[in-house]
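A note on names: the letters A, B, ... follow the listed sequences, proteins ahead of strands, and every chain is numbered from 1.
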Amino acid sequence: MPDVDKGTVRITDIGPPHYEDFLPPIIKRNYGKWLYHEILKPGVMVHVSESGEKLYTVRVGSTRIVSSDFVREISDLADKYCGGYLKFTTRNNLEFLLDKEENIEPLIKEVQALGFPVGGIDHSLGNIVHTQGWLHCHTSASYASGVVKALMDEFYDYFVSDKLPAKVRMAFACCLNMCGSVGASDIAIVGMHRRPPRVMADRVKDLCEIPSTIAACPVDAVRPKTIDGKPSVEIDEDRCVYCGNCYTVCPALPIADPLNDGVAIFIGGKVSNARTKPTFSKLVVPWLPNNPPRWPEVIEAVRTILEAYKEGARKGERVAEWIDRIGWPKFFKITGFEFTKYHIDDFRIR
Amino acid sequence: MAGVRGYGGGIVGRFSDEPDEYPGVKEYHTARLNQIEGFFYTSDVLRKLADICDEHAGGLFNFHGSTGDIQILGFKQEEAEELFQKCTHLGFDLGGSGSALRTPSCCVGPARCEWATYDTLHITDNLTREFQNEMHRPTFNYKFKIKCAGCPNDCIASGARSDLSIVGVWKANIRIDQKEVAEYAKKFDIKKYVVDKCPTHCMDYTDGKLTIDDSNCVKCMHCINSMPKALRPGLEKGAQIRIGAKVPMVQDPRLGFILIPFYDVNKDKEEDYAFLKDLIQKIWDFWDEYGTNRERVGELIQRVGVGNFLEAIGLDPLPEMVEYPRANPFIKFEEYLVPDDEEEGKEG
Ligand code: HEM
Ligand code: SF4
Ligand code: SF4
Ligand code: SF4
Ligand code: SF4
């Protein structure tokens, strides 16, 4: 419904651009007619249509948070090799779609020259899906892009090759809100606060609506309290599970705390239905410190998991299936991770 | 506040705690723009987005947000209207945020995947257009997410995070090309890596011939994933509709449950998805009437009971909806029988 505003047409409620206008011609011709695909090498696959036409895909790891210059660079590559078409994936990869096999190698060279890896298909470590972190969110307990960069630098080789027992999907969320739903990944890293929010008592009245702040807490830890004659709240530290919900609705309850913020690691989740049912990831490491810029403790823990998995899993077994087979006691034994009372799920809402 | 006139979401306001020390990011708002379904773009449109982002925002994007939107990061409220209008003139509208329908999203589907049992791009585009108002003007209790995956591989992780998840399935037999099976047999041990891993043990490979007892196949995709050239999903394609998945906030994470085991999505497509839209509307009406603030639909269903929810939206309970029947014996029967004389006595 365009409405006229000071002589120019104000356009609203138009929905997304129509996808048909953005499909490469080879896809338009073969839409819904694909017969099968083959993986030609790490990061490269071919889809073959009923018509016999072949579409080559080159998958490139991207950083998700990208600059306008990056967008222009990949656009130039799309012009040069793909008739100006390109796509992204649900895991923040970039995909170049080629109709000429001979373009694969020159394209890969140029992509690598820009500093981006080709891979992420089949038995590899996929691109890490992640959240906003310190860049533009207020509840972060850790820095999404920072940890992800450190991890991908370290485990780069698993992205560009296919030498893991099965695919490993890793994800990062910087707080329990888990924007991006990391909780069903082979390896999920989650930012954890571990100290209840501070109450900026003199600002609660001005910044917050007290009833909705109280209602926001899943464990009834926020209670009304008059402080220095002003309506405010108090937090029951024994109950609080550091979820940050109250802070989302009330900015006078900051939860970030450099000393106590860190990350936890959960593993063995999956979303695909293949063989075994989808399941959430389970806790293996309750807390590791934020140690920017390279987060060495997190890297070591992930390395321990990946190596134990690579060593112990049978071909084709996802992390969840491997642990199902060997049992959790064995997993803790071979990784040496300490099993604590925090690993026992005794949390009940209300 | 950050936003544009007439919209209740799509732009998320970000303000620095220390504006005096960091005046450059005093305001660092972010805009969600509907992605193109399947995440297909042209260089032309990407360059124009890059220009808008440089001119009116901080030159940074998310390609893409986890929900699916493109994000333009780092602008001031005074830029919001012009940024928004430049985007809509280019064909991009704002996505959802807050207590609204969030931007629906889908897997690449039939555009480049041989396994899609329905047109994920078409349905997602159609629903997004249909529900512009629900997306742009938040009136829900909390967020509502719809995601469409073309087959049970669920590349969009719909089953783990969307209130309404549509996942392709089929009814007829898995299509087998025995010649290609023989080719795969040269590459790996089919019995060990395919047949023995079938969760219902409904496959057999003897004397170089692969057979499947499709009546016991649970459509898990394992065998098809392992031998894409030899096996294809069966015909009579449709989808499963699941409801109630979500991440931890505000209550614990859930995977949701099957609401409709077989939805004839390809037929519904011809009717502009009338069945699906009607179902969605019924779910929203129920949520609107009984849900509380910040209660996701899955949490509401848990609170009031699946049975009550099914009754309200007019669906019968099915074994597909549960992992297994209840184990605890505290059944609250809705009625009890009385002997005839007691009945008479009551009436008298
Ligand atoms: C109550 C607090 C919040 C909750 C429960 C929450 C949860 C989520 C979830 C589950 C998703 C992923 C949805 C999906 O993949 O389908 C998401 C997406 C996202 N969240 Fe949050 N989030 C919260 C607060 C925030 C805040 C404060 C920010 C910072 C600005 C933020 C930024 C985002 C962004 C940018 C996306 C991607 C959006 C898109 O693609 O449209 N979230 N959120
Ligand atoms: S996961 Fe938490 S900290 Fe990270 S972007 Fe989402 S709400 Fe913010
Ligand atoms: S952080 Fe979460 S648990 Fe703690 S008081 Fe706030 S809302 Fe309650
Ligand atoms: S969900 Fe299925 S149809 Fe969709 S892209 Fe993945 S494998 Fe293909
Ligand atoms: S799809 Fe899964 S259940 Fe069906 S035959 Fe193949 S492996 Fe077995």
- Is B:Lys197 close to A:Glu317 at the side-chain level, that is, under 4.5 Å between some pair of heavy atoms? yes

- Query: What part of A:Glu38 lies closer than 4.5 angstrom to a heavy atom of chain B: side chain, backbone, both or neither?
  - Reply: side chain

- Item | Leading residue by heavy atom contact count with chain B [cutoff under 4.5 Å; candidates A:Leu23, A:Leu35, A:Leu77] | A:Leu35

- Message: Which atoms of A:Glu73 are under 4.5 Å from chain B, going by heavy atoms: the side chain, the backbone, both sets, or neither?
- Response: neither

- SB check B:Lys229 B:Glu183 (cutoff 4.0 Å): no

- Message: If I measure from the heavy atoms of chain A, does B:Val25 come under 4.5 Å with its side chain, its backbone, both, or neither?
- Response: neither

- Between B:Arg232 and chain A, which part of the residue has a heavy atom less than 4.5 Å away: side chain, backbone, both or neither? side chain

- Residue from A:Val71, A:Val271, A:Asn273 scoring the most non-hydrogen pairs under 4.5 Å with chain B is A:Asn273

- Query: Where does A:Leu86 contact chain B at under 4.5 Å (heavy atoms): side chain, backbone, both or neither?
  - Reply: both

- Anything under 30° is parallel, anything over 60° is perpendicular, the rest tilted; go ahead and classify B:Tyr41 against B:Phe92. parallel

- Query: A:Thr131 side chain to A:Cys174 main-chain N or O, any donor-acceptor pair under 3.5 Å?
  - Reply: yes

- Item | A:Glu20 versus chain B, the contacting section by heavy-atom distance below 4.5 Å | neither

- Query: Can a cation-pi geometry be assigned to A:Lys28 and A:Tyr31, taking NZ or CZ under 6.0 Å from the six-membered ring centre and within 45° of the ring axis?
  - Reply: no

- Pick one of side chain, backbone, both or neither for A:Thr89, based on which atoms fall under 4.5 Å of a heavy atom in chain B. backbone

- Measure B:Ala116 against the heavy atoms of chain A and call it side chain, backbone, both or neither at under 4.5 Å. neither

- Note on the structure: When the 4.5 angstrom heavy-atom criterion is applied to A:His47 and chain B, the contacting part is side chain

- Query: Are any of the side-chain heavy atoms of B:Asp93 and B:His136 separated by less than 4.5 Å?
  - Reply: yes

- Task: Answer yes when B:Asp44 and B:Lys48 have at least one side-chain N-carboxylate O distance shorter than 4.0 Å, and no when they do not.
- Result: yes

- Item | Pick from A:Ile74, A:Asn30, A:Asp21, A:Thr57 with the largest number of heavy-atom pairs that fall under 4.5 Å of chain B | A:Thr57

- Message: As an exercise: rank A:Phe88, A:Tyr85, A:Phe70 by heavy-atom pairs under 4.5 Å with chain B and give me the winner.
- Response: A:Phe88

- Message: Would A:Lys87 and B:Phe39 count as a cation-pi pair here, with the cationic atom under 6.0 angstrom from the ring centre and within 45° of the axis?
- Response: no

- Note on the structure: Of the listed A:Pro16, A:Ala274, A:Ser272, the one with the largest count of heavy-atom pairs under 4.5 Å with chain B is A:Pro16

- Item | Side chain proximity check, A:Phe22 to A:Pro17, heavy atoms < 4.5 angstrom | yes

- Query: Checking heavy atoms, do the side chain of B:Leu94, its backbone, both or neither come under 4.5 Å from chain A?
  - Reply: neither

- Can you say whether A:Leu97 sits under 4.5 Å from chain B via the side chain, the backbone, both, or neither, judging by heavy atoms? side chain

- Task: Below 4.5 Å from any heavy atom of chain B, which atoms of A:Thr63 appear? Answer side chain, backbone, both or neither.
- Result: neither

- Task: Could you tell me which portion of A:His130 (side chain, backbone, both or neither) has an atom closer than 4.5 angstrom to a non-hydrogen atom of chain B?
- Result: neither

- Message: Is A:Pro24 close to chain B through its backbone or its side chain, or both, or neither, when contacts mean heavy atoms under 4.5 Å?
- Response: side chain

- Segment of B:Glu130 engaging chain A (4.5 angstrom heavy-atom cut-off): neither

- Would you call A:Arg72-B:Asp54 a salt bridge at under 4.0 Å N-O? yes

- Query: By a 4.5 Å heavy-atom criterion (distance strictly below it), what part of B:Gln85 contacts chain A: side chain, backbone, both, or neither?
  - Reply: side chain

- Scanning both residues in full, the closest heavy-atom pair of B:Gln132 with A:Ile14 reads OE1-N, 3.6 Å

- Message: Against the six-membered ring of B:Tyr7, is B:Arg137 placed for a cation-pi contact (under 6.0 Å from the centre, within 45° of the normal)?
- Response: yes

